[in-house]
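For the numbers below, each heavy atom of this structure counts, side chains included, while hydrogens, waters and symmetry mates do not. For ligands, and for the atoms within them, numbers begin at 1 and follow the listed sequence.
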Amino acid sequence: MSQPIVLLLSGPNLNLLGERQPEVYGTTTLEDHVVASTTVASARGLALEHVQSNHEGELVDAIHAARGRCAAIVVNPGAFTHYAWAIHDALALFDGPVVELHLSNPAAREPWRHTSVVAPVADGTVAGFGSLGYRMAIDAVASLLDG
Ligand code: DQA
């Protein structure tokens with residue numbers, strides 16, 4: 001039987017992790033985060049798919065395509081976190097667990113980062129733990145799926 005799929009979604013500028021503000025986001029590349037996430041998912045009996053886009057509509061399309069196909073979503077929406085209501089609305093249409101993920105802790109940064117339009121449609125948020133957060137977020141959705 002095929003394994004339930006966790007969709008890991010990465011928003012704008014996360015493709016540049018490793019070189020983007022390493023003092024804030026660390027030196028690990030997105031590819032390395034995906035490898036670590038895949039390892040945790042696999043240990044919990046889950047398959048992992050990853051989509052990164054710098055375009056809001058492509059993330060919305062990926063969420064729509066996950067409906068009825070993926071068991072859970074882990075999403076780091078990047079700056080879309082703070083204003084992308086279309087992503088909020090798309091996630092509201094998804095049936096399974098949703099975990100919002102941030103490398104940094106937006107609540108401890110500039111005031112405009114303190115609002116998340118994704119949080120109201122997420123089961124929970126993992127923020128401020130750097131690369132550890134990817135493993136925590138996958139573990140969280142796995143536990144939510146286990147009930
Ligand atoms: C981020 C936090 C956002 O405020 C920021 O715009 C990002 C990355 C994080 O992972 O810490 O692009 O989502």
Side-chain angles (χ1 to χ4, degrees), residues 4-44 46-67 69-145:
I5 301 167
V6 177
L7 175 65
L8 174 62
L9 273 181
S10 302
N13 301 306
L14 297 176
N15 53 309
L16 294 181
L17 286 177
E19 48 184 292
R20 175 190 181 202
Q21 291 182 275
E23 70 286 1
V24 176
Y25 299 116
T27 51
T28 308
T29 63
L30 183 58
E31 198 185 331
D32 287 340
H33 291 308
V34 174
V35 169
S37 302
T38 304
T39 303
V40 176
S42 156
R44 299 290 304 255
L46 302 168
L48 187 126
E49 283 182 16
H50 177 240
V51 172
Q52 189 278 328
S53 178
N54 296 320
H55 305 280
E56 183 177 356
E58 284 183 9
L59 295 169
V60 169
D61 287 344
I63 296 164
H64 290 177
R67 296 176 71 227
R69 197 179 64 82
C70 297
I73 294 178
V74 171
V75 56
N76 183 343
F80 287 148
T81 305
H82 312 299
Y83 65 94
W85 288 103
I87 291 177
H88 164 109
D89 284 354
L91 287 170
L93 293 168
F94 181 76
D95 272 341
V98 173
V99 169
E100 177 186 357
L101 168 65
H102 301 285
L103 287 154
S104 67
N105 179 5
R109 300 180 63 194
E110 304 96 315
W112 62 268
R113 294 186 202 270
H114 297 180
T115 297
S116 168
V117 299
V118 169
V121 286
D123 290 276
T125 300
V126 174
F129 296 102
S131 29
L132 178 60
Y134 280 83
R135 282 169 274 168
M136 294 168 74
I138 301 296
D139 223 29
V141 290
S143 296
L144 290 171
L145 288 171

Top protein contact for atom 11 (O) of ligand 1, by heavy-atom distance:
Ser104 OG, 2.6 Å
For ligand 1, indicate whether the residue Asn13 contacts it via side chain, backbone, both or neither (heavy-atom separation under 4.0 Å).
neither
If you count the atoms of ligand 1 from 1 in the order shown, which ones are under 4.0 Å from a heavy atom of His82?
3 (C), 4 (O)
Atom of Gly78, atom of Leu14 and distance for their closest heavy-atom approach:
N-CD1, 4.4 Å
Applying the side-chain contact (heavy atoms from CB on, under 4.5 Å) test to Tyr134, which of Leu103, Val40, Val126, Val34 qualifies?
Leu103
Pro106 N/O under 3.5 Å from ligand 1 N/O:
no
Going by the atom numbers of ligand 1, which of them fall below 4.0 Å from some non-hydrogen atom of Arg113?
3 (C), 4 (O), 5 (C), 6 (O)
Counting only heavy atoms closer than 4.0 Å, does ligand 1 sit against the backbone of Arg20, its side chain, both, or neither?
side chain
So is Tyr25 touching ligand 1 or not, going by heavy atoms under 4.0 Å?
yes
What protein heavy atom lies closest to atom 1 (C) of ligand 1? Include the residue and the distance to one decimal.
His102 ND1, 3.7 Å
Here the pair of heavy atoms bringing Leu7 nearest to Ala62 is CD2-O, 3.8 Å
Do me a favour and list the nearest non-hydrogen protein atom to atom 9 (C) of ligand 1 with residue, atom name and distance?
Leu103 N, 3.4 Å
Do Asn54 and Glu56 get their side chains close enough for a donor-acceptor pair, meaning under 3.5 Å?
no
Looking only at side chains, do Ser10 and His50 share a donor and an acceptor under 3.5 Å apart?
yes
Identify the heavy atoms of Ala66 and Ile73 that sit nearest to each other, and give their distance.
CB-CD1, 4.3 Å
Nearest heavy atoms of Pro77 and Pro12, plus distance in Å:
O-CD, 3.4 Å
